[in-house]
Amino acid sequence: MVLLLTPGQWGDAPQLIEVLDRIRVPRPLGGRPRTRPDHVSGDKAYSSRRNRRYLRRRRIRHTIPEPKDQRANRRRKGSAGGRPTGFQRDNYRRRNEVERTINRLKNSRAIATRYDKRAYVFHGTVTAAAIRLWLRQ
């Protein structure tokens with residue numbers, strides 16, 4: 001679907017919106033490609049006001065747990081803190097499928113160590129490894 005490379009010191013959570021904006025899934029019978037997923041799952045790192053606001057605005061259902069500090073801040077504000085976030089435990093358990101796929105990608109030595117200096121070369125390496133994984137299934 002989408003591969004986004006960033007410098008090593010950048011976090012994953014701030015890139016969520018850019019990744020979702022790049023998604024284009026062609027429709028089998030033609031027409032405009034889909035740009036909105038049915039559901040998004042993430043870990044606690046993706047629980048930010050910015051990400052949740054974006055997902056709500058685009059009407060994308062999501063399963064992202066709320067960290068204890070955010071939960072405490074919301075409760076401290078009382079009725080002004082808003083409602084608790086919806087959380088579906090069964091959907092969250094399936095999140096490990098993504099982690100396992102990333103680990104399978106890292107079985108390729110070139111991806112795990114990143115010897116390539118140029119980002120576009122590394123992007124090609126990751127793309128080739130992802131295609132290889134996809135064809136094996």
Side-chain angles (χ1 to χ4, degrees):
M1 289 196 128
V2 178
L3 296 173
L4 177 66
L5 293 180
T6 59
Q9 70 273 17
W10 285 18
D12 295 340
Q15 306 310 314
L16 175 71
I17 293 173
E18 185 162 350
V19 168
L20 290 175
D21 284 342
R22 290 183 179 199
I23 291 177
R24 301 280 183 268
V25 180
R27 297 182 189 268
L29 301 175
R32 195 170 55 105
R34 287 189 62 194
T35 59
R36 188 170 61 98
D38 293 330
H39 193 91
V40 172
S41 293
D43 59 6
K44 290 181 182 181
Y46 291 91
S47 179
S48 69
R49 268 189 245 137
R50 179 176 171 246
N51 288 344
R52 288 187 188 275
R53 189 179 325 119
Y54 177 82
L55 293 170
R56 270 194 309 271
R57 191 174 64 236
R58 293 204 51 208
R59 293 189 211 114
I60 299 172
R61 290 180 294 144
H62 60 279
T63 302
I64 302 173
E66 190 177 30
K68 287 182 182 179
D69 63 333
Q70 289 180 5
R71 199 174 319 139
N73 289 338
R74 183 177 42 77
R75 287 179 182 156
R76 190 187 73 235
K77 291 179 182 178
S79 62
R83 294 187 311 213
T85 61
F87 181 72
Q88 299 150 347
R89 191 170 301 276
D90 293 334
N91 286 347
Y92 187 69
R93 286 188 180 142
R94 292 194 59 211
R95 186 180 54 84
N96 71 52
E97 295 171 8
V98 174
E99 298 294 333
R100 287 195 324 249
T101 303
I102 301 276
N103 287 336
R104 286 177 63 195
L105 273 174
K106 289 182 179 180
N107 283 340
S108 172
R109 182 177 174 194
I111 293 173
T113 56
R114 187 175 179 175
Y115 289 125
D116 302 318
K117 287 186 177 182
R118 306 276 183 222
Y120 68 89
V121 175
F122 184 66
H123 189 274
T125 304
V126 173
T127 303
I131 290 170
R132 195 177 79 222
L133 271 180
W134 181 64
L135 289 175
R136 281 186 188 171
Q137 293 180 5

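If you're wondering where the values come from, they're calculated on a predicted model, not measured in any experiment.
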Separation between CG (Leu16) and NE2 (His62), nearest 0.5 Å, reads 10.0 Å
| query | What do the steps show when you test Arg58 against Asp21 for side-chain contact (heavy atoms from CB on, under 4.5 Å), and what is the final call? | reply | CA-CA 11 Å; Arg58 293 204 51 208; Asp21 284 342; 3.9 Å; yes
Distance col, row Arg53:CZ vs Ile17:CD1, nearest 0.5 angstrom, shows 8.5 Å
Hydrophobic cluster membership, with links at side-chain heavy-atom distances under 4.5 Å among I/L/V/M/F/W/Y: are Val19 and Leu3 in one? no
Heavy-atom nearest pair, Arg27 first then Arg32, reads NE-O, 2.7 Å
_Could you check whether atom CZ of Arg94 has more than 12 heavy atoms from other residues, nucleotides or ligands sitting under 6.0 Å from it?_
no
What one should report as the nearest heavy-atom pair of Arg24 and Thr35 is NH1-CG2, 3.1 Å
Q. Under the side chain to side chain donor-acceptor pair (under 3.5 Å) criterion, do Asn107 and Arg104 qualify, and how do the steps go?
A. CA-CA 5 Å; Asn107 283 340; Arg104 286 177 63 195; over 6 Å; no
To the nearest 0.5 Å, atom CD of Gln15 lies from atom CZ of Arg22 at 9.0 Å
Check your understanding: So Asp12 and Tyr46, side-chain contact (heavy atoms from CB on, under 4.5 Å) or not? Walk me through it.
Key -> CA-CA 8 Å; Asp12 295 340; Tyr46 291 91; 3.1 Å; yes
Between the CD1 atom in Ile64 and the CZ atom in Arg52, the distance rounded to the nearest 0.5 Å is 5.5 Å
Paired with His123, the side-chain contact (heavy atoms from CB on, under 4.5 Å) test is passed by just one of Val126, Val121, Thr127, namely Thr127
>> Between Arg50 and Tyr54, do the side chains contain a donor N or O and an acceptor N or O under 3.5 Å apart?
In response: no
For Ala45 and Ala13 the tightest heavy-atom approach is O-CB, 3.2 Å
Flag side-chain contact, heavy atom, 4.5 Å: Lys44 against Gln70:
no
Heavy atoms of Pro37 and Val40 approach each other most closely as CG-CG2, 3.9 Å
For Pro65 and Asp43 the tightest heavy-atom approach is CD-C, 4.1 Å
task: Consider only side-chain N and O atoms of Arg76 and Asn73, and report whether a donor and an acceptor are under 3.5 Å apart.
output: yes
_same_hphob_cluster(Val25, Leu55) at 4.5 Å side-chain heavy-atom cutoff_ = yes
**Prompt:** Ile111, Leu4: one ILVMFWY side-chain cluster at the under-4.5 Å cut-off?
**Reply:** no
For Leu105 and Ala130 the tightest heavy-atom approach is CD2-N, 3.6 Å
